Amino acid sequence: MQPSKRNTAPTRNDGRLVIHFDYDCFYASVFEAENPALKSLPLAVQQKQIIVTCNYEARRRGLHKLQLVRDAKRMCPEVIIVLGEDISRFRDASKELYGFLRDFSWNGKVERLGFDEVWMDVTDMVDYNMELLNSNDLAHSFFQLDRSEPTHGFSFDASASAGHTFPNVSMIANTSATRVNGGLGLRLRLGSHLAMYLRHQLEQEKGYTSTVGISTTKLISKLVGGLNKPKGQTTLLPPYQMNTEGGPESNVMTFIDSHEIGKIPGIGFKLAQKLREHVLERAPAFDDGLVYGGTRERVSVRDVRTKKDMCPELLEKLLIGPGSPHGIGYRIWCLLHGVDESEVKQARPVPRQISIEDSYIRLDTIDEILKELKMLSRSLIARMRLDLTDDEDYDIPLLSNDNDAVSKFHDARCNTVNRKWLAHPRTLRLTTRPRQPPNPDGTRTRSFKRISHSVPMPTFVLALTDSVEALAERLVHETLIPMFRKLHPEKAGWNLSLVNVAVTNMAETAGESRTADGRDIGKMFKLQEDVLKDFTIDDYEGLLSDGQAKVSSSKSAYSAVDTGAETNSLEDLRHPAQYQTVVDGAEWDDEEDGVDTGLVCQSCGALVPSFAILAHQRFHALGD
DNA sequence: CAGGGGAGTT
DNA sequence: AACTCCC
């Protein structure tokens, strides 16, 4: 980057419309939805000795999240406390609400974070409805929820936004003004009405209230939603563009600048501490303590952004460390300016990993280990069957002319095992957290370091006809105990504070293109976005020297990837012509099968794991 | 590491 | 395999 452009703010791209949902006090709401009588009473959810969350009746009486049960009872003796250590009901409710919201989406870009947050990219819905507006009568508008059904939707007043705004002023209807910036003001307004409609649906149909933010990125929609909790929604008003000479201040900058640095999603504990240390020029006292030796401890986004010599390169130097991605300096630089190009990800059909863990005060005998591994294995296999299998029935209607299939359908119906794997894990991992041996002086250093060992997934676990119990037994003795010996070769002397058993590295089996909701189409979209992203990044470097004219080049990139030729060359990039994809078989009979999906080198025939392809290419380049 | 997850990167 | 981030 050129020295003169060091402090160039990243360019905003506000072409999207993103809504962020956060269900109000989710765990408590799950119990209230099951038993509505609880709604009018103070209710708290307990895990171990902690109130993990409580409803607003309880908060009115002084209770709060992460409070000791004892303190909560003292403060509010009437509080109703329910146990929430079994999280399955929360997981189920979360999936149901997620599915409910996703059914409104046109593009499938609906992403969940944890159990209680969802982003929706509704750009296509909003832009479609922008075209339907009658600019002479915005107050009587209709939002169409289905492109092929003009009457399916809701009426709304497009001359004002729904819910709260930041800044907190009512948006005065001004048609000529709203058309600047590609109509951003008006588009946000439509987004706010769609958000309001979806919140009402969520409450009416499912009984859950939510707090919502509306903006153009994941970052800003999530942050701005936090302004009106609970049961509120907030839209960040334009102008969004950075301040130019004499122009108005960007509301994005105004909004994000005052946030504590550690409150920005993507800036976690470690990064926040490093940034605070740099700004304060000394070690910060605590995570978010306010005062240290009488001096100011709070470090805001503005403090970091305006610190002397601040630039992407400095951030990179400051923040690079083990586990942190390269390019983090530029990413954080963008976050400091409220810029976040990350996409709302499409729904994934199956999870990337499933893990079960438990923590212990003391775990130091092999008998206890055996018992715990058995428990964890049972849970894990049960979860695998729940989350990685599908009912075979779904395929039958497609073959309904086939008599065999029809009778098979009935067989399957009567059979308790009529499921099949949507994906099977290729890797099994055992993780432990050893407790530190005591120091010479008797004190104990607390360590939360984990160690792990992975092996190819033993395929017998996938036999759906065997009982969970029998499979767990076999898994422990044949696989997990040997893995444990590898992690802890000593006969004794260890003491564990945590054990985790996980399956990862999922291989999707049959039926990847089964349904019309289009995972294949999803992949094409993703491919295009990747190209667009790469193009935009290169483009960004090239354009830095003249600062402007971002949008038009992004658009030309988009039309370029629309052609078949471009798509093919993209394939070539991802799978160099020299390599052929190894198709991972759907069989898992009993061969201790191919562990890693990779590519076969067409030069030497070697099976090369994906991560080693570049190295392998270099090998040939040097050798030849 | 509240707890018991989950997603990503090098 | 270890680390960082999110809830």
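Everything numeric here is computed off the predicted structure, so don't read it as measured data. To find a chain, count down the sequence lines: A is the first, B the second, and so on, and within it residues start at 1.
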A/His326 vs B/dT9: side-chain N/O to OP1/OP2 distance below 4.0 Å = no
inquiry  = Can you measure A/Phe90 atom CZ to C/dC7 atom P for me and round it to whole angstrom units?
reply    = 18 Å
Length of the line joining A/Leu113:CG and B/dG8:P, which is rounded to integer Å = 11 Å
inquiry  = Counting the atoms with a prime plus P, OP1 and OP2 as sugar-phosphate, which does A/Arg331 contact under 4.0 Å by heavy atoms, base, sugar-phosphate, or nothing?
reply    = nothing
ask   = Of the candidate nucleotides B/dG8, B/dA2, B/dG4, which contains the atom at the shortest distance from the side chain of A/Val52?
value = B/dA2
task = Looking at every strand, decide which applies to A/Lys65 at a 4.0 Å heavy-atom threshold: base, sugar-phosphate, or nothing.
result = nothing
key: Candidate nucleotides B/dT10, B/dG5, C/dC7, ranked by approach to the side chain of A/Pro325 - the nearest   = B/dT10
ask   = Taking only N and O in the side chain of A/Arg352, is any of them less than 4.0 Å away from OP1 or OP2 of B/dG8?
value = yes
request  = List for me each residue that meets side chain to side chain donor-acceptor pair (under 3.5 Å) alongside A/Ser355, sequence neighbours excluded, and say none if there are none.
outcome  = none
remark   = Separation of B/dG3 atom C1' from A/Arg89 atom CZ, nearest Å, is 16 Å
ask   = Quick one: is A/Ser454 getting a side-chain N or O under 4.0 Å of the C/dA1 phosphate, OP1 or OP2?
value = yes
task = Might you work through the side chain to side chain donor-acceptor pair (under 3.5 Å) test for A/Asp24 and A/Thr209, ending with a clear yes or no?
result = CA-CA 6 Å; A/Asp24 297 323; A/Thr209 64; 2.7 Å; yes
note = Residue pairs meeting salt bridge (Lys or Arg N to Asp or Glu O under 4.0 Å), one or both in residues 447-459 of chain A, sequence neighbours left out, come to A/Glu357-A/Arg450
remark   = A/Ile87 CD1 to B/dG5 C1', in whole Å, measures 6 Å
key: Distance between P atoms of B/dG3 and C/dA2 (Å, rounded)   = 22 Å
query = Rounded to the nearest Å, what distance is computed from the CG atom of residue A/Asp22 to the P atom of nucleotide C/dC7?
reply = 9 Å
message = From CD of A/Gln353 over to P of C/dA2, roughly how many Å is that when rounded to an integer?
response = 15 Å
request  = Could you check which of B/dG5, B/dC1, C/dC3 has an atom nearest any side-chain atom of A/Phe448?
outcome  = B/dC1
request  = For the side chain of A/Glu357, starting at C-beta, report the closest nucleotide among B/dG5, B/dG8, B/dA2.
outcome  = B/dG5
query = Nearest of B/dG3, C/dA2, B/dG8 to any side-chain atom of A/Tyr27?
reply = B/dG3
ask   = Atom CG of A/Asn505 to atom C1' of B/dA7: distance rounded to whole Å?
value = 15 Å
query = Mapping A/Pro351 and A/Ile50 onto DNA chain B by nearest heavy atom, which one lands closer to the 5' end?
reply = A/Ile50
Contact under 4.0 Å: A/Ser497 side-chain N or O vs B/dC1 OP1/OP2 = no
query = About how many Å separate CG of A/Asp364 and CG of A/Leu496, when rounded to the nearest 0.5 Å?
reply = 8.5 Å
A/Gln46 CD to B/dG3 P, straight-line distance once rounded to whole Å = 13 Å
